[in-house]
Amino acid sequence: MPQPVSHEAYTDARVYMDQALESKKGIKIWCDTPNDAFRLRMRCYAARSKDRQQSLKIYSMEHPNYGRTPYDTLTFWRETGSGEKIRGNPGDLSRGQVLVIAKIEVGAHKVEEIA
């Protein structure tokens, strides 16, 4: 099923993403089924994309918010109830009923310069 075209159709996704932005590291959303978690993640992606499109209309090319949204600092994945990340086929709907919306952490990895 195609995603809605209206910017206002994604209020639910924006509420969750706003909660993640206001939190220290992010949030976990316990969905009824893995399919519900998958759909909500797709709605979050679509809402973020709509906001980027909106910012192209609002801001000039020189403005730092042109083509950007505060939600760009978030990452999304699904987990099982025990915290195992769903890896491999992201469309695997046999498990993964928890949607994680986390802030992207800079400095979370060891980095070394190439000699």
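Note that the structure is a prediction, hence the values are computed from the model and not measured.
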Ignoring hydrogens, what is the shortest heavy-atom contact between Gly81 and Trp30? Give both atom names and the distance. O-CH2, 3.3 Å
Please find the pair of heavy atoms, one from Ala13 and one from Ala47, that lie closest to each other, and give the distance. CB-CB, 4.1 Å
Going by side chain to side chain donor-acceptor pair (under 3.5 Å), name the residues that satisfy it together with [X], two or more places apart in sequence or in a different chain.
X: Tyr71; result: Asp18
X: Ser49; result: none
X: Lys28; result: Glu79
X: Asn35; result: none

Among Thr11, Leu99, Leu40, which residue meets the side-chain contact (heavy atoms from CB on, under 4.5 Å) test with Tyr16? Leu40
Which salt bridge (Lys or Arg N to Asp or Glu O under 4.0 Å) pairs, counting each pair once, include a residue from residues 55-67, with sequence neighbours left out? none
Which residues satisfy the salt bridge (charged side-chain N to carboxylate O under 4.0 Å, His left out) test with Asp36, sequence neighbours excluded? none
Once you round to the nearest 0.5 Å, how far does CD of Gln97 lie from OG1 of Thr80? 7.0 Å
Separation of Met17 CE from Arg43 CZ (nearest 0.5 Å): 10.0 Å
If you define the side chain from C-beta out and look only at heavy atoms, does anything of [X] sit under 4.5 Å from [Y]?
X: Phe76; Y: Met42; value: no
X: Ile29; Y: Val98; value: no
X: Leu74; Y: Lys103; value: yes
X: Glu112; Y: Lys110; value: yes

Using side-chain contact (heavy atoms from CB on, under 4.5 Å) as the criterion, list what pairs up with Asp72, not counting sequence neighbours. Arg48, Arg52, Arg68, Thr69
Got a sec, which residues hit side-chain contact (heavy atoms from CB on, under 4.5 Å) with Tyr59, two or more places apart in sequence or on another chain? Ser55, His63, Asn65, Tyr66
Please check if Ile101 and Phe38 belong to a single hydrophobic cluster, counting links between Ile, Leu, Val, Met, Phe, Trp and Tyr side chain heavy atoms closer than 4.5 Å. yes
Mind checking whether Ile58 and Met61 sit in one hydrophobic cluster, side chains of I, L, V, M, F, W, Y counted as touching below 4.5 Å? yes
Kindly determine whether Ile86 and Trp77 satisfy side chain to side chain contact (heavy atoms under 4.5 Å, CB included), including the steps that lead there. CA-CA 7 Å; Ile86 304 302; Trp77 68 84; over 6 Å; no
Run the side-chain donor-acceptor check on residues 19-27: report pairs under 3.5 Å with partners two or more places apart or on a different chain.
{"residue": "Ser23", "atom": "OG", "partner": "Ala20", "partner atom": "O", "Å": "2.7"}
{"residue": "Ser23", "atom": "OG", "partner": "Gly26", "partner atom": "N", "Å": "2.8"}
{"residue": "Ser23", "atom": "OG", "partner": "Gly26", "partner atom": "O", "Å": "3.2"}

